[in-house]
Protein chains: 2
Amino acid sequence: MLHAVVGRGQSLKAGEDIVREGDHTDVVHVILEGHGFRYKTLPDGKRQIIGYLVPGDFCDLYGFLLDKMDHGIAARTHCQVAELTEDHILMLTSRPSLARALWWSELVNASILREWLVNMGRRTPSARVAHILCELLVRLQVVGQASADSFRLELSQSELGDTVGLTTVSVNRALQRLRGANLIQSSGREIVIPDVAALKAFADFDPGYLHFRQDREDHS
Amino acid sequence: MLHAVVGRGQSLKAGEDIVREGDHTDVVHVILEGHGFRYKTLPDGKRQIIGYLVPGDFCDLYGFLLDKMDHGIAARTHCQVAELTEDHILMLTSRPSLARALWWSELVNASILREWLVNMGRRTPSARVAHILCELLVRLQVVGQASADSFRLELSQSELGDTVGLTTVSVNRALQRLRGANLIQSSGREIVIPDVAALKAFADFDPGYLHFRQDREDHS
DNA sequence: CGCCGCCTTGAGCTGGCTCAATCTGCGTGG
DNA sequence: CCACGCAGATTGAGCCAGCTCAAGGCGGCG
């Protein structure tokens, strides 16, 4: 359905910003292909990643309704993004079912943020990393980019650390513990999970917060 | 405007649950008076607070649209809450300006969650606590419950810890550091901030993420 | 007066952080 | 085809802050 609407699109290289903090854009970006993340940078240069974006996700409905973006969005792989103008958005939201789907997806985003907060605040380093891996497995499965027990991790250990509030060194050691317990196997960026249930149990992962539904509106 | 619509309401004592995790309610709760918080509990009993609620906030628009609540909501003071039925909600959302205001408030909630994530992930314990105090100051000012430089903190140190990912002991020591630096003065639950700008600078607090506007829709 | 929740303090442990070096895989230019 | 450079992964040493455990202290309330 988006295809009928999308006029302009753009292609971005890994590492480029899709939206910069402080921007007020008059267009809304949608990821068609590739992976990205939302982030904030602190005065001392530290970075916190505050969300992952997979194909189909809206980047900045947000900055469109609010005054300006309070965070940036970066591409972590090559990305193909669509740009929707105000007219497109008005057209989409004029259909109640679509407007509802957009609202719904924002609520799911907020739900993910709450779970991340729990993750950072109250879980051990290994469980934090394991939890993120479980989330990625499930989210990538939904968009057809993961098998039942493996996926390609498009994140450096430093980016993982910026996600879960650890240093690169600690992420590395957490991954080693997970490998040692045979909860994951990894060769390069490929993550294989020998026993998905075991990893989920270790991470205290309950996919409920992702709120998948059968009748989910399809963004494609 | 709500007053015209609110049929039933209820009165809750401090510590009671307003909504329990897993509930699917057919009504939406709105806080009229008092303070509450959202929280999740982990298998090992640890708790993470994932949001504060002040008068005017909607508790569970969320569980209304999604299948079920993935977190609980507790009253931290005596609370007066309104219960809106599906009819009420449909009536509210049928007015574009109101529907837009509701959406807007959900986006602001998500923005606050992102800032909390930054807070937990990348700031020192003292700065975390200071940041929460700054946020409370500003949010309570907006609802007329804080002066220019002081407010009543309706949270125990343990609840503060569950908010920012610290233990009670660490919160206590963080507060002592803030007092020692004369960034705050506190007698019991009353917080006085001698130099608001100094505290904000220390906490790296930029109220932008709260997205206040002049033309904000009033929930009263 | 005694209870209870919450705040405060102390001692000691440990795990996460910092700093820093090394290794590895991969793409580039010669 | 090989040397070089770079980004990211890995490892080690040592520090120290936040955690755990535990013991008071304090104030409000029945």
Side-chain angles (χ1 to χ4, degrees), chain A residues 13-16 35 37 42 44-49 74-78 119-130 132-133 152-181 184-191, chain B residues 13-16 35 37 42 44-49 74-78 119-130 132-133 152-181 184-191:
Chain A
K13 283 195 285 288
E16 285 189 296
H35 295 184
F37 58 81
L42 278 76
D44 62 1
K46 288 200 182 78
R47 179 179 63 171
Q48 176 67 42
I49 290 177
R76 75 183 188 233
T77 65
H78 172 271
N119 207 30
M120 286 222 318
R122 291 296 179 222
R123 280 197 264 260
T124 64
S126 294
R128 285 188 218 179
V129 173
I132 283 289
L133 295 179
R152 184 175 169 76
L153 179 67
E154 298 289 7
L155 290 168
S156 68
Q157 294 185 358
S158 149
E159 288 164 336
L160 267 182
D162 284 342
T163 303
V164 296
L166 295 170
T167 60
T168 308
V169 175
S170 299
V171 169
N172 185 285
R173 289 177 175 146
L175 286 171
Q176 286 179 41
R177 283 192 292 272
L178 295 180
R179 278 194 290 258
I184 66 170
Q185 292 158 2
S186 62
S187 55
R189 286 290 171 85
E190 210 64 32
I191 303 286
Chain B
K13 284 197 286 287
E16 285 188 295
H35 295 185
F37 58 81
L42 278 76
D44 63 359
K46 291 201 181 76
R47 179 178 63 173
Q48 175 67 43
I49 289 177
R76 73 183 190 234
T77 66
H78 172 270
N119 206 31
M120 287 225 316
R122 291 297 180 222
R123 281 198 264 260
T124 64
S126 295
R128 286 188 217 179
V129 172
I132 283 289
L133 294 179
R152 183 174 169 76
L153 179 67
E154 299 289 6
L155 291 168
S156 69
Q157 293 184 0
S158 149
E159 288 165 335
L160 267 182
D162 285 340
T163 303
V164 296
L166 296 172
T167 59
T168 309
V169 175
S170 298
V171 169
N172 185 284
R173 288 177 176 146
L175 285 170
Q176 286 178 42
R177 284 192 293 272
L178 294 179
R179 278 194 290 258
I184 65 170
Q185 293 158 0
S186 61
S187 55
R189 287 289 172 85
E190 211 62 33
I191 303 286

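Proteins get letters first, then strands, A, B, ... in listed order; numbering begins at 1 in each. When reading the values below, keep in mind they use all heavy atoms of this one structure, side chains included, and skip hydrogens, waters and symmetry mates.
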Rounded to whole Å, how long is the line connecting atom CZ of B:R76 with atom P of C:dC6? 14 Å

Take the protein atom NZ of A:K46 and the nucleotide atom C1' of C:dC17, then report the distance between them rounded to whole Å. 10 Å

Quick one: A:E159 CD to D:dA9 C1', roughly how many Å, whole number? 13 Å

Which part of the nucleic acid does A:R179 contact within heavy-atom distance under 4.0 Å: base, sugar-phosphate only, or nothing? sugar-phosphate

State whether the side chain of A:R128 and the backbone N or O of A:V164 hold a donor-acceptor pair below 3.5 Å, judged by distance alone. yes

Most 5' of A:V169 and A:T124 on DNA chain C, judged by nearest nucleotide: A:T124

Distance test, side-chain N/O of A:S170 to OP1/OP2 of C:dC17, below 4.0 Å: yes

Could you check whether the side chain of A:R173 and the base of D:dG12 have a donor-acceptor pair of N or O atoms closer than 3.5 Å, going by distance alone? yes

Roughly how many Å is it from CZ in B:R122 to C1' in C:dT18, rounded to a whole number? 13 Å

Hey, does the side chain of B:N172 come within less than 4.0 Å of C:dT8's phosphate (OP1/OP2), counting only N and O? yes

I need the CD-P distance between A:Q157 and C:dT24, as an integer number of Å. 15 Å

Report yes if some heavy atom in the side chain of B:L133 is under 4.5 Å from a heavy atom in the side chain of B:L153; otherwise report no. yes

Has B:R76 got a side-chain atom pairing as donor or acceptor with B:E154's backbone, closer than 3.5 angstrom? yes

Starting from C1' on C:dC7, measure out to CD1 on B:I184 and report it in whole angstrom. 14 Å

Classify the nucleic acid contact of A:G161 as base, sugar-phosphate or nothing, counting any heavy atom under 4.0 Å across all strands shown. nothing

Any side-chain N or O of B:T167 under 4.0 Å from OP1/OP2 of D:dC19? yes

Can you tell me if A:T77 uses its side chain to pair, donor with acceptor, with the backbone of A:H35 under 3.5 Å? yes

Which of A:Q157, A:R47, A:Q48 passes side-chain hydrogen bond (donor to acceptor under 3.5 Å, both in side chains) with A:D162? It is A:R47

For B:Q176 and C:dT8, is the shortest distance between a side-chain N/O and OP1 or OP2 below 4.0 Å? no

Whole angstrom is fine here: how far is it from CZ in A:R189 over to C1' in D:dA7? 10 Å

Measure CG/A:L178 against P/D:dT10 and give the value in whole Å, please. 12 Å

Given D:dA9, C:dT8, D:dG18, which nucleotide is nearest the side-chain atoms of B:R177? D:dG18

First encountered from the 5' end of DNA chain D, between A:S156 and B:L166: A:S156

